[in-house]
Structures are given as C-alpha cells and as structure tokens.
Visitor: 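First the structure, which I've put down as structure tokens, then a few questions once you've had a look.
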Amino acid sequence: MIQITFPDGRVQAYENGTTALQIAQSISESLARNVLAAEVNQEVWDATRPISHDATLHLLTWEQLQGKSTLWHSAAHLMAEALEALYPGIQFWVGPPVEQGFYYDVDLNGHTLTPDNFAAIEAKMLDLARQNNPYQRIEKSKTEAVDYFTEKNDPYKLDLLQRLNDGEITFYKQGQFTDLCKGPHIPHTGFIKAVKLMNVAGAYWKGDENNKMLTRIYGIAFTKEKDLKAYLHMLEEAKKRDHRKLGKELELFTFSEKVGMGLPLWLPKGAMLRERLIQFMQRAQLKAGYVPVATPHIAHKDLYVCSGHYEKYGSDAFKPILTPHEGEAFYLKPMNCPHHCEIYKALPRSYKDLPVRLAEFGTVYRYEQHGELHGLTRVRGFTQDDAHLFVRPDQVKEEFCKVIDLVLYVFKALKLNDYTAQISLRDPEQPGKYIGSDENWNLAEASIIASAAEKGLKTVVELGEAAFYGPKLDFMVRDAIGRKWQLGTIQVDYNLPERFELEYTGSDNQKHRPVMIHRAPFGSLERFIALLIEHCGGQFPLWLSPEQYAILPISEKYNAYAYEVAAALETEDLRGFIDDRNEKIGKKIRDQEVRKVPFMLVVGEKEHAQQQVSVREHGRGDIGTMSITEFSAHIKKLIAQDLN
RNA sequence: GCCGAAGUAGCUCAGCUGGUAGAGCAGCUGAUUUGUAAUCAGCUGGUCGGGGGUUCGAGUCCCUUCUUCGGCUCCA
C-alpha cells in the first residue's frame with residue numbers, strides 16, 4: 001500500500017501501482033472525466049502512470065496551467081500525427097506547449113504548407129482525436145532509441161538523444177505516431193475537442209541562423225468547442241486594442257516609407273500625449289533631485305571606443321558619418337550614457353556633490369533588423385527618458401530604492417498594474433561575457449536584490465539576462481497580443497566609470513571612483529506609449545488625453561457661445577476644441593464618442609441662457625448640466641485623483 | 001537578415017476562371033439650423049506599392065524590388 005497526500009492535507013492509502021486517474025475515479029466519476037494529468041511529488045506525471053511510492057498528489061484539470069500545458073503538449077503530438085499522415089516523409093524537431101497553445105517545428109522535406117492547408121490538418125486532428133487513442137508511455141534504453149531513429153533516418157531526434165542519458169529516455173505513442181518525449185501527456189486524444197492552427201513561421205533549427213530553417217506550426221487546443229470560440233473572440237478584442245490600429249484611428253503617429261522604416265512620425269495629437277508624459281516625468285524628476293542636461297545626436301567614434309560600445313556593437317550599428325575633408329568618424333548616438341559621463345567629467349566632483357543625477361530625454365538611433373521592427377515597440381529611432389546617477393558606492397542601494405519609487409509612482413499614475421519585475425543577473429556559466437570585476441558584480445547584484453525586496457516588488461530572477469556591463473532590474477508589460485516588452489529599466493554599471501576614469505574627491509582627500517546607475521522609467525517613450533495605448537484601449541487618463549473635451553454647439557446659432565466657453569476653459573489650462581461643423585448634435589456626439597474624447601459639452605439655447613454646459617462623459621452619456629467653473633473644477637479634481 | 005503571408009481612393013474593404021476599376025466612411029459644394037451615438041443631395045478623388053516581362057489586352061499570370069504583418073531557443 002502507498003500513502004497519498006491530497007492538497008487539503010488528507011492522507012489516504014491506495015494499492016501500490018494505482019494511477020492518479022484511478023484515484024480520481026475513486027473520488028468521483030466527473031472528476032475523473034476531467035483529469036488531464038497529475039502532480040506527483042511536485043512533478044507533473046501522466047494521470048495513467050502507476051504510482052509506486054508514497055506521494056503528494058494534485059490532480060490537474062483544464063483549470064490548472066499545467067493541465068492546460070499538458071493538453072497542449074499532447075495536441076502538438078496529435079498535430080504531428082496528422083501532419084505525418086498528410087505529408088509522408090516529414091521530420092520533427094520539437095513540439096512544446098507555449099503560453100497560448102503549442103507549436104511543432106518540422107522539416108517538411110520538400111512539402112509546402114500554407115494557412116490554406118490548416119483546415120485539412122485541423123479536420124484530420126479532430127478525426128484522430130475522436131478515436132480516443134491513449135497516449136502510451138514507453139521507456140526505452142538509449143541503444144533502442146538510437147536504433148529506432150537511425151532506422152527512421154531522423155537526424156533531429158538523434159540530435160536530441162545525444163544529450164540524454166540512458167535510463168531517462170521515454171517515448172510516447174498515440175495512434176500511429178511515436179515520438180521521443182519526456183511527457184507528460186493526457187490520458188487519451190478524446191480530451192481534445194477543439195483545435196485551431198494559428199500560423200506557420202520559419203524557425204531556425206536550434207534558433208541558430210546558420211542552421212536549416214524549419215517550419216514552425218502554431219496551434220491551440222481546447223477541451224470544449226465553446227472555449228475555442230471564446231478564445232478567438234478574445235483575440236478579436238485584442239486586435240482592437242493594437243496600438244498600430246489605434247494610433248492610426250486616433251491620429252497619434254504614422255510611418256512614412258520616404259522617411260524610413262522604423263522611424264515614427266508623431267502627429268499633433270500623439271505629440272501632445274508625448275509632451276504631457278515628458279512634462280510629467282520632468283516634474284517628478286525635478287522633485288527627486290535630477291538636473292536636466294542636453295547633448296547632441298552624434299558623437300565622435302572615440303567616445304564609443306572609450307565606452308566599449310564600439311567594440312561591442314560597432315558591427316550592428318549604423319555606419320559612421322564621415323566629415324568631408326578630415327574623414328573623421330561620427331556615430332548617431334545609440335545611447336546617452338557616454339555623453340553623460342563626459343558631462344560628469346567636465347567639473348571636479350566632491351563626495352559632497354554625489355549623487356549627481358543627470359537627466360535627458362535623449363533620442364537615440366539603433367539599427368534593428370528589418371524583420372524585428374514592430375509598430376512603436378521596436379523602432380530604429382526613439383527617445384529615452386534617460387538619466388544617469390553617479391553615486392558613491394555606499395549610496396547605491398539607497399539610490400536604487402529611490403529609483404524604484406519613481407518607477408512605481410509613474411506606473412501608478414498611468415494605471416499600469418499588470419507588470420512583472422525582472423532581476424537580470426549574470427549567467428554563471430559564461431563568466432567571460434561580462435566586463436567588470438567579480439567583486440563589483442557581486443556587490444551590484446546584492447544591492448538590486450535587496451532594494452527590490454525592500455520595496456516589496458514581486459520579482460523574477462533571470463540568470464544570464466544581465467547586460468554585459470552590469471545587472472539590472474526591468475519592468476516588463478504585455479502587449480495586446482500577449483507579447484512581453486521591457487519598459488522601465490534600472491541598471492547598475494561599474495564599467496563606464498572605469499572606462500571614463502570618472503572620479504570624485506572623498507572626505508579623505510583621495511580620488512575615488514563613482515558607481516553609475518542607468519535608469520529610464522518609461523524606457524523608450526515610443527514603446528511606453530504603445531503599451532499605454534494598448535492597456536487603456538486608447539482611452540487615456542484625463543491628464544494625458546490630447547483632447548480633454550469637445551464643445552458641441554447644437555447649431556451654428558450657438559457657435560459664438562461655444563467660443564466663449566472655449567476661451568474660459570483655455571484660461572483654466574484645459575485642452576479641447578469646438579466641433580462647429582454643420583452637423584446634427586447626434587452626429588457630433590457619435591463622432592467624438594468614436595474618437596474617445598473624454599468629455600463633451602453640449603451647448604444650445606438653454607445652456608447659453610443659463611451660462612452653463614451640458615456635460616457628457618465618454619462611455620457614460622449625459623451627466624447633467626453645470627457651469628463652466630463647475631466643469632473645470634470637476635475635470636481638475638479627476639486629474640488630481642489620477643496623479644496622487 | 002531568414003521563413004511565410006499581404007499591399008486596390010485619406011480610412012475599411014469588394015473586384016469570379018486576364019476584357020480596360022467599385023462601395024461605405026472621410027473630404028469638397030449646396031440645402032437644412034438641428035437637443036444627446038450617423039440629415040439629405042451633388043461632386044472630387046486611384047499610372048491597383050515600384051520596376052520589368054508574358055499577352056491583342058494585366059488589379060488579375062510570371063520575375064524582381066520596396067513596405068507592412070506573423071514568426072525566427074517559449075529547446076524531447
């Protein structure tokens with residue numbers, strides 16, 4: 001007998017070799033019908049795998065992430081089975097579950113596959129699914145496995161096998177398809193009731209562009225047809241929030257082939273939004289003791305040789321600009337830090353001066369590969385809300401904490417609650433990748449971890465994600481399609497002060513080296529605004545909204561009064577406009593509603609007589625009449641709430 | 001850069017197997033002077049992304065190029 005401990009702490013004895021599925025059946029038939037896998041001693045197992053020792057057991061259904069992942073992984077195998085049936089001779093690399101479904105990388109060996117083929121593959125998958133074929137786990141010795149794939153002439157699986165040890169090799173078989181796989185899988189294919197292939201894409205074998213390109217087929221599967229419908233609907237909704245679509249509709253920004261790809265052009269409304277963000281940040285920074293500086297867009301090659309960026313990124317950068325006669329090389333600046341180092345150096349610094357906090361909204365240019373460009377989130381020219389803090393080593397942690405405060409203040413004002421904080425540390429396996437002493441790195445990493453903990457941030461630690469010059473803390477946010485992007489970043493740097501030989505005079509009258517902290521709460525303004533657009537679906541916080549109100553005269557007779565109202569509100573420092581088109585009020589309301597203008601002020605006979613405005617709130621409708629001063633007070637109160 | 005898909009009016013899209021470009025919205029002009037999500041009528045607007053080719057004839061077929069979109073370690 002074995003002792004099974006359930007999540008609620010209950011312990012029950014079962015016969016040795018009982019499976020999770022049988023245990024589920026002993027509890028209830030309906031539970032058993034939903035069990036996809038089981039967590040046995042924290043490890044996800046097939047629900048049909050016999051348990052031969054005491055264990056904690058957590059039954060996994062569609063409700064648990066691991067349950068879903070298991071189903072998706074099994075669906076990947078199902079897709080492989082369908083593909084193999086439809087395209088004989090194709091070979092498989094890997095087919096894991098991902099956040100939204102699964103994919104399988106295949107070598108089509110001459111077959112071609114386009115989205116037009118999806119329907120046939122999906123139909124085949126469902127056909128196979130209905131056979132309720134069990135996923136059978138088969139343990140093999142390494143020799144058996146190697147023999148199997150040698151006979152199949154499968155270089156991909158043989159490559160995978162190379163890295164596996166004897167005794168840990170398992171195959172999974174369902175229907176006609178057998179795959180090298182560590183599992184786990186769902187009990188049988190019948191759990192898969194709905195499938196949808198999402199797209200095909202090329203993917204280099206092992207992600208290395210020198211290798212052959214395989215075909216990656218993405219799909220998703222569900223246990224209910226209804227869930228698939230809901231998922232597709234959710235995708236449609238997400239598309240509506242896409243910043244590229246809203247940016248066009250709300251006239252925020254555009255791109256021009258003549259100007260060049262990846263170089264955004266800000267239209268007046270987008271520029272207004274940008275200005276507001278900049279102003280907001282400048283105020284916050286002034287309060288936090290930053291001083292603004294300004295630097296040019298290009299710099300001599302020597303600057304980047306000194307900073308080390310030339311060596312590191314020289315080949316990936318734009319080509320240098322040469323002076324016509326002397327042939328001296330200048331580069332568009334890819335970052336602001338080297339310039340700021342020179343500003344630090346321009347004056348003698350005492351320990352009493354530190355921290356020195358130099359801030360600049362610096363526009364930088366970076367070469368991004370053609371295929372990497374994406375709306376405003378990945379561009380070739382963008383503006384950072386950059387600042388560099390030059391601090392004494394004993395100030396690192398305190399300053400780091402202050403920066404976190406600033407980032408959190410910004411995120412809160414913009415209602416970005418759904419972020420993750422990622423601490424990026426060195427990859428212990430590649431020490432050669434990094435510049436700087438071990439001692440400094442250890443110090444910096446410890447400071448970041450301590451600061452994040454002190455500020456109560458929920459963090460994820462990623463080894464190997466650090467920059468070559470120092471560890472960092474990044475704030476990541478998802479876009480409408482679920483992709484993760486880095487927004488704010490705080491990075492400790494012991495390298496640049498060394499390279500630029502930065503110094504300050506200590507209380508001991510000796511020269512000391514400061515530590516640098518790079519930080520950008522927005523990161524790139526372009527990317528930040530993109531994510532902001534998607535998060536609020538184009539409905540910006542009132543204080544940011546390019547147009548806060550629209551005045552809608554009932555007819556041309558009341559235009560004059562509309563202008564009076566506009567003039568009054570302008571002196572109150574509010575932004576708006578008059579819709580004095582020769583249209584009916586319903587049309588005007590509709591149009592401004594579509595344009596997501598936060599407030600509409602309807603003015604006609606009655607309002608004019610009483611010196612009032614009829615206020616409509618976007619998405620809410622009529623909220624009653626008030627005087628102009630009442631309205632302006634109302635708006636200001638709402639703005640104050642946002643910013644505090 | 002590489003794999004795949006797409007590019008038709010300012011925007012959203014239609015245009016079957018090649019026969020000489022069309023709708024709605026926007027814009028312009030006029031009528032209307034309007035009370036809380038689309039007033040009516042008329043008009044303008046496109047070398048169908050660019051270049052080349054096949055053909056009597058190309059938005060449609062072929063080649064090439066540019067741009068956009070989805071991917072390109074989320075490693076059994």
Side-chain angles (χ1 to χ4, degrees), chain A residues 69 72-73 76-77 80 92-105 108 112-116 145 149 156-157 159-164 168-172 179-185 198-218 239 242 244-245 248-249 251 254-258 260-262 316 367-375 481-484 552-559 581-595 600-607 614-623 625:
Chain A
S69 294
W72 285 338
H73 186 188
H77 279 233
F92 299 91
W93 169 233
V94 296
V98 290
E99 276 177 30
Q100 307 256 312
F102 58 88
Y103 68 80
Y104 218 122
D105 279 349
L108 289 170
T112 53
L113 198 155
T114 72
D116 293 340
F149 285 114
Y156 301 109
K157 297 295 176 182
D159 186 273
L160 285 173
L161 272 171
Q162 269 182 15
R163 276 169 289 168
L164 299 176
E168 59 180 34
I169 294 170
T170 52
F171 280 43
Y172 274 83
D179 200 0
L180 171 68
C181 180
K182 78 173 170 202
H185 283 283
M198 302 308 293
N199 56 48
V200 274
Y204 296 110
W205 185 36
K206 299 188 193 177
D208 183 341
E209 62 184 13
N210 298 312
N211 284 341
K212 182 169 183 179
M213 183 161 278
L214 305 176
T215 303
R216 175 169 299 179
I217 306 158
Y218 285 90
K239 265 192 204 156
D242 192 308
R244 291 163 300 186
K245 183 177 154 68
K248 193 180 276 183
E249 285 172 4
E251 297 173 14
T254 189
F255 289 90
S256 146
E257 287 188 23
K258 275 207 192 68
M261 55 168 122
D316 293 329
Y367 173 74
E368 297 286 355
Q369 289 199 113
H370 182 243
E372 298 274 8
L373 298 173
H374 179 90
I481 325 172
R483 280 179 294 207
K484 239 187 192 177
L552 315 182
I554 294 287
S555 85
E556 282 172 7
K557 283 196 244 167
Y558 311 103
N559 282 356
R581 293 174 303 165
N582 184 3
E583 293 288 352
K584 293 175 84 164
I585 194 66
K587 168 72 168 166
K588 292 184 183 182
I589 287 169
R590 187 192 139 77
D591 285 354
Q592 304 317 331
E593 197 71 38
V594 168
R595 295 175 63 213
M600 285 171 242
L601 308 178
V602 177
V603 294
E605 181 73 52
K606 204 170 61 201
E607 289 77 10
S614 229
V615 183
R616 267 188 81 95
E617 193 175 329
H618 171 84
R620 258 183 82 191
D622 198 341
I623 58 169
T625 58

Visitor: Can you tell me how far P in B:U29 sits from the matching atom in B:U64, rounded to whole Å?
Guide: 48 Å
Visitor: Taking OP1 and OP2 of B:U33, is either one under 4.0 Å from a side-chain nitrogen or oxygen of A:Lys587?
Guide: no
Visitor: Name the closest nucleotide to the A:Cys181 side chain, picking from B:G71, B:A76, B:C74.
Guide: B:A76
Visitor: Rounding to an integer number of angstrom, what distance separates B:A14 and B:C25 when you compare their C1' atoms?
Guide: 15 Å
Visitor: Using modelled atom types and a 3.5 Å cut-off, is there a donor and acceptor pairing between side-chain atoms of A:Lys157 and backbone atoms of A:Asp179?
Guide: no
Visitor: RNA chain B: A:His618 or A:Ala203, which has the more 5' nearest nucleotide?
Guide: A:His618
Visitor: Donor-acceptor pair, distance only, cut-off 3.5 Å: does the side chain of A:Thr170 make one with the backbone of A:Cys181?
Guide: yes
Visitor: When the distance from CE of A:Met198 to C1' of B:G4 is rounded to whole Å, what number comes out?
Guide: 16 Å
Visitor: Within the structure shown, what part of the strands sits under 4.0 Å from A:Asn199 by heavy-atom distance: base, sugar-phosphate, or nothing?
Guide: sugar-phosphate
Visitor: Students often get this wrong, so: under 4.0 angstrom with heavy atoms, is A:Leu160 touching a base, only sugar-phosphate, or nothing?
Guide: sugar-phosphate
Visitor: To the side chain of A:Arg590, which of B:A38, B:G71, B:U39 is closest?
Guide: B:A38
Visitor: Quote, to the nearest angstrom, the C1' distance that separates B:G30 from B:U55.
Guide: 48 Å
Visitor: May I ask you to say what A:Ile554 touches in the nucleic acid, namely base, sugar-phosphate or nothing, with a heavy-atom cut-off under 4.0 Å?
Guide: base
Visitor: When you get a sec, tell me which of B:G35, B:U68, B:U36 is the closest nucleotide to the side chain of A:His370?
Guide: B:U68
Visitor: Side chain of A:Lys606 only, please: which of B:G4, B:G35, B:C74 is the nearest?
Guide: B:G35
Visitor: If I take atom NZ in residue A:Lys557 and atom C1' in nucleotide B:G35, what distance separates them, rounded to the nearest angstrom?
Guide: 12 Å
Visitor: Where each residue is assigned the nucleotide of RNA chain B containing its nearest heavy atom, which of A:Glu556 and A:Val98 is assigned the position nearer the 5′ end?
Guide: A:Glu556
Visitor: What is the distance from CD of A:Glu99 to C1' of B:G71, rounded to the nearest Å?
Guide: 15 Å
Visitor: Using whole Å, report how far CD of A:Glu368 lies from P of B:C2.
Guide: 17 Å
Visitor: Please confirm whether any donor atom in the side chain of A:Tyr204 sits under 3.5 Å from an acceptor in the base of B:G1, or the reverse.
Guide: yes
Visitor: Hey, is A:Arg244 close enough to A:Asp242 for a salt bridge, meaning N to O under 4.0 Å?
Guide: yes
Visitor: Just verifying a value: how many Å separate A:Asp105 CG and A:Thr215 OG1, rounded to the nearest 0.5 Å?
Guide: 8.5 Å
Visitor: For A:Thr170, answer base if it contacts any base atom (sugar-phosphate contacts may also be present), sugar-phosphate if it contacts only those atoms, and nothing otherwise; contact means non-hydrogen atoms under 4.0 Å.
Guide: base
Visitor: NZ of A:Lys258 versus C1' of B:C66: gap in Å, rounded?
Guide: 13 Å
Visitor: Mark yes or no for a side-chain to base donor-acceptor pair under 3.5 Å between A:Glu607 and B:G35, with no hydrogen or angle criteria applied.
Guide: yes
Visitor: How is A:Gly586 classified with respect to the nucleic acid when contacts are heavy atoms under 4.0 Å: base, sugar-phosphate, or nothing?
Guide: sugar-phosphate
Visitor: Kindly indicate whether the side chain of A:Leu214, heavy atoms from C-beta on, has any atom under 4.5 Å from the side chain of A:Tyr156.
Guide: yes
Visitor: Does a side-chain N or O from A:Lys248 land closer than 4.0 Å to OP1 or OP2 of B:U12, or not?
Guide: yes
Visitor: Is there a Watson-Crick or G-U wobble partner for B:U55 with both distances under 3.5 Å, and if so, which one is it?
Guide: none
Visitor: What's the closest nucleotide to the A:Met261 side chain, out of B:U67, B:G70, B:G35?
Guide: B:U67
Visitor: Does A:Glu249 reach the main-chain N or O of A:Arg595 with its side chain, forming a donor-acceptor pair under 3.5 Å?
Guide: no
Visitor: Which part of the nucleic acid, if any, lies within reach of A:Arg216 when heavy atoms closer than 4.0 Å are counted: base, sugar-phosphate only, or nothing?
Guide: sugar-phosphate
Visitor: With heavy-atom distances below 4.5 Å as the criterion, would you say the side chains of A:His73 and A:Phe102 are in contact?
Guide: no
Visitor: Any base atoms under 4.0 Å from A:Glu372, or only sugar-phosphate, or nothing? Heavy atoms, all strands.
Guide: base
Visitor: From CH2 of A:Trp72 over to P of B:A76, roughly how many Å is that when rounded to an integer?
Guide: 18 Å
Visitor: Take atom P in B:G45 and the same atom in B:A9, then report the distance between them in whole Å.
Guide: 15 Å
Visitor: Could you measure between the two C1' atoms, the one in B:U68 and the one in B:G49, and give it in whole Å?
Guide: 10 Å
Visitor: Determine the Euclidean distance between corresponding P atoms of B:G59 and B:G42; express it in Å to zero decimal places.
Guide: 30 Å
Visitor: Can you tell me how the ring of A:Trp205 sits relative to the ring of A:Trp93, calling it parallel under 30°, perpendicular over 60° and tilted otherwise?
Guide: perpendicular
Visitor: Determine whether A:Lys588 and A:Met600 make a side-chain contact, defined as any pair of heavy atoms from C-beta on separated by less than 4.5 Å.
Guide: no
Visitor: Among B:G1, B:G70, B:A37, which is the nearest nucleotide to the side chain of A:Gln369?
Guide: B:G1
Visitor: Among B:G35, B:A38, B:U33, which nucleotide sits nearest the side chain of A:Ser555?
Guide: B:U33
Visitor: Determine whether A:Val615 and A:Leu601 make a side-chain contact, defined as any pair of heavy atoms from C-beta on separated by less than 4.5 Å.
Guide: yes
Visitor: Between B:A76, B:C69, B:C74, which nucleotide has the shortest distance from any of its atoms to the side chain of A:Arg244?
Guide: B:C69
Visitor: In the strands shown, is B:A5 matched to any nucleotide by a Watson-Crick or G-U wobble pair with both distances under 3.5 Å, and which?
Guide: B:U68
Visitor: Between A:Asp591 (CG) and B:G27 (C1'), how many Å, whole number?
Guide: 13 Å
Visitor: Base, sugar-phosphate, or nothing: which does A:Glu605 touch, judged by heavy atoms less than 4.0 Å apart?
Guide: base
Visitor: Have a look at A:Leu113 and say if it touches a base, only the backbone sugar-phosphate, or nothing, with a 4.0 Å heavy-atom cut-off.
Guide: nothing
Visitor: Between B:C72 and A:Tyr218, is there an OP1 or OP2 to side-chain N/O distance shorter than 4.0 Å?
Guide: yes
Visitor: B:A23 pairs with which nucleotide, Watson-Crick or G-U wobble, both distances below 3.5 Å?
Guide: B:U12
Visitor: For B:C69 and B:C16, measure between their C1' atoms and round to the nearest Å.
Guide: 27 Å
Visitor: Could you give the distance separating B:U60 and B:U54 at their P atoms, to the nearest angstrom?
Guide: 15 Å
Visitor: Using purine N1 to pyrimidine N3 plus N6-O4 or O6-N4 for Watson-Crick, or N1-O2 and O6-N3 for G-U wobble, both under 3.5 Å, which nucleotide pairs with B:A41?
Guide: B:U29
Visitor: Using whole Å, report how far CZ of A:Arg616 lies from P of B:A37.
Guide: 5 Å
Visitor: Which part of the nucleic acid, if any, lies within reach of A:Glu617 when heavy atoms closer than 4.0 Å are counted: base, sugar-phosphate only, or nothing?
Guide: nothing
Visitor: So what's B:U34 paired with, Watson-Crick or G-U wobble, going by both distances under 3.5 Å?
Guide: none
Visitor: NA contact type, A:Lys157, heavy-atom cut-off 4.0 Å: base, sugar-phosphate, or nothing?
Guide: nothing
Visitor: Students often get this wrong, so: under 4.0 angstrom with heavy atoms, is A:Met213 touching a base, only sugar-phosphate, or nothing?
Guide: base
Visitor: Categorize A:Val94 for me: base, sugar-phosphate, or nothing, with a 4.0 angstrom heavy-atom threshold over every strand shown.
Guide: sugar-phosphate
Visitor: Within the structure shown, what part of the strands sits under 4.0 Å from A:Glu257 by heavy-atom distance: base, sugar-phosphate, or nothing?
Guide: sugar-phosphate
Visitor: Between B:A37, B:U36, B:C75, which nucleotide gets closest to the side-chain atoms of A:Trp93?
Guide: B:C75
